[in-house]
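Counting starts at 1 for both ligands and their atoms, following the listed order.
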Amino acid sequence: MTAKPKVLVTREVFEDVLEYLSQYFEVTSNQSDVPMNSETLTLRLSDKEGAIITLSDRIDAVLLSRCPRLKAVCNIAVGYNNIDLEACTKAGVMATNTPGVLDDTTADFTWTLILATARRLSEAEAYLRSGQWNGWKLKQFLGLDIHHATLGILGLGRIGQVVAKRAIGFEMKVIYHDVRRATPEIEQTYRATFVTKEELLSQSDIVTIHVPYSSATHHLIGRDELEQMKQTAILINASRGGVVDDQALIESLRSGKIAGAGLDVFENEPKFNPHFLELKNVVLAPHIASSSFATRHKMAMLAAENLVAALTTGKPPNLLNPF
Ligand code: GLV
């Protein structure tokens, strides 16, 4: 009997996912969930044929050159900016992600951030918890109305579309900008009107970002873009850190150039800019937009299915690089 291929699961996953993987592989899993630095990750991967990885595991040419047996890396995430795809292709390593299974949950959380930011929930709760509340006041924590407001979606991909769908219930005007204009059918289904980036920034009451991170989207929202937004508007980011220039955002929030921000992602996670903590007009979350029980389970299982397919048939369903 030939030995099973060795694979690594870099962070804690659900037991049934490990059981599934164990049918095919000799599995080493980091169930203690301690994050690995790149040297530890490289050492642990050096004798493995495959890996289930997460968005904090960087897979680059240097690591790949030291892991000659590696054939597949399967991200538990739809975003894959942690993987150098070109280096993977050169090294003959398949890379996969988990599209589709997290769209609804991520869109739901985007709405959590929109509503909490517009209605200043974090600020109001902190006030109540601190014991300062001494009764109802007419002008207490006045916020932004969501219903009938203009929602600007940057990136009308899978997640952006679900965010737009949810806006129909709030009777909003939905505008969007994307590098590629959507088909008339998609625009009609989601009642979304294509505008330029400048029009989107200047007309929206809520700007929400749903683009992948890459060199093309680095600081897509920076000082100039924030200047173009309404003073009463809020910015929501549940896509990737780096799409927004966090320092510029902090300055805009501090000076009241925009009214607020709801953020699930940051530059240099998890060491985000500490000045965010000094601001009352932000709602902050630790990269949990896809984190429902059902969805995180689906993501982990899909990554496992990709790994099994990659190492048994060479055809994983969510292959990102050409083979
Ligand atoms: C989470 O951020 C993901 O990309 O799935």
Taking only heavy atoms of [X] into account, list the atoms of ligand 1 that are under 4.0 Å away from them.
| X | value |
| --- | --- |
| R240 | 1 (C), 2 (O), 3 (C), 4 (O) |
| L55 | 1 (C), 2 (O) |
| A77 | 3 (C), 4 (O), 5 (O) |
| G79 | 3 (C), 4 (O) |
| M299 | 5 (O) |
| H287 | 1 (C), 2 (O) |

Nearest protein heavy-atom contact for atom 5 (O) of ligand 1: which residue, which atom, what distance?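 Its nearest protein heavy-atom neighbour is V78 N, 2.8 Å.
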Please determine which of N97, N321, T96 meets the side chain to side chain contact (heavy atoms under 4.5 Å, CB included) test together with Y80.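 When side chain to side chain contact (heavy atoms under 4.5 Å, CB included) is applied between Y80 and each of N97, N321, T96, only N97 qualifies.
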For the [atom1] atom on [X], are there more than 12 heavy atoms of other groups (residues, nucleotides or ligands in this structure) within a distance under 6.0 Å?
| X | atom1 | result |
| --- | --- | --- |
| R254 | CZ | yes |
| F109 | CZ | yes |
| R296 | CZ | yes |

Using a 4.0 Å heavy-atom cut-off, say whether L102 meets ligand 1 through its side chain, its backbone, both or neither.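 Side chain only.
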Within reach of ligand 1, part of T98 (heavy-atom separation under 4.0 Å):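 It is neither part, as no heavy atom is under 4.0 Å.
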Between R240 and N81, a side-chain donor and acceptor under 3.5 Å: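 The criterion, which ignores hydrogens and geometry beyond distance, is satisfied for N81 and R240.
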Are side-chain N/O atoms of N82 and N75 paired as donor and acceptor at under 3.5 Å?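 The criterion, which ignores hydrogens and geometry beyond distance, is satisfied for N75 and N82.
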Minimal non-hydrogen separation, I83 against R58, with atom names: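 Shortest heavy-atom contact: N-NH1, 3.9 Å.
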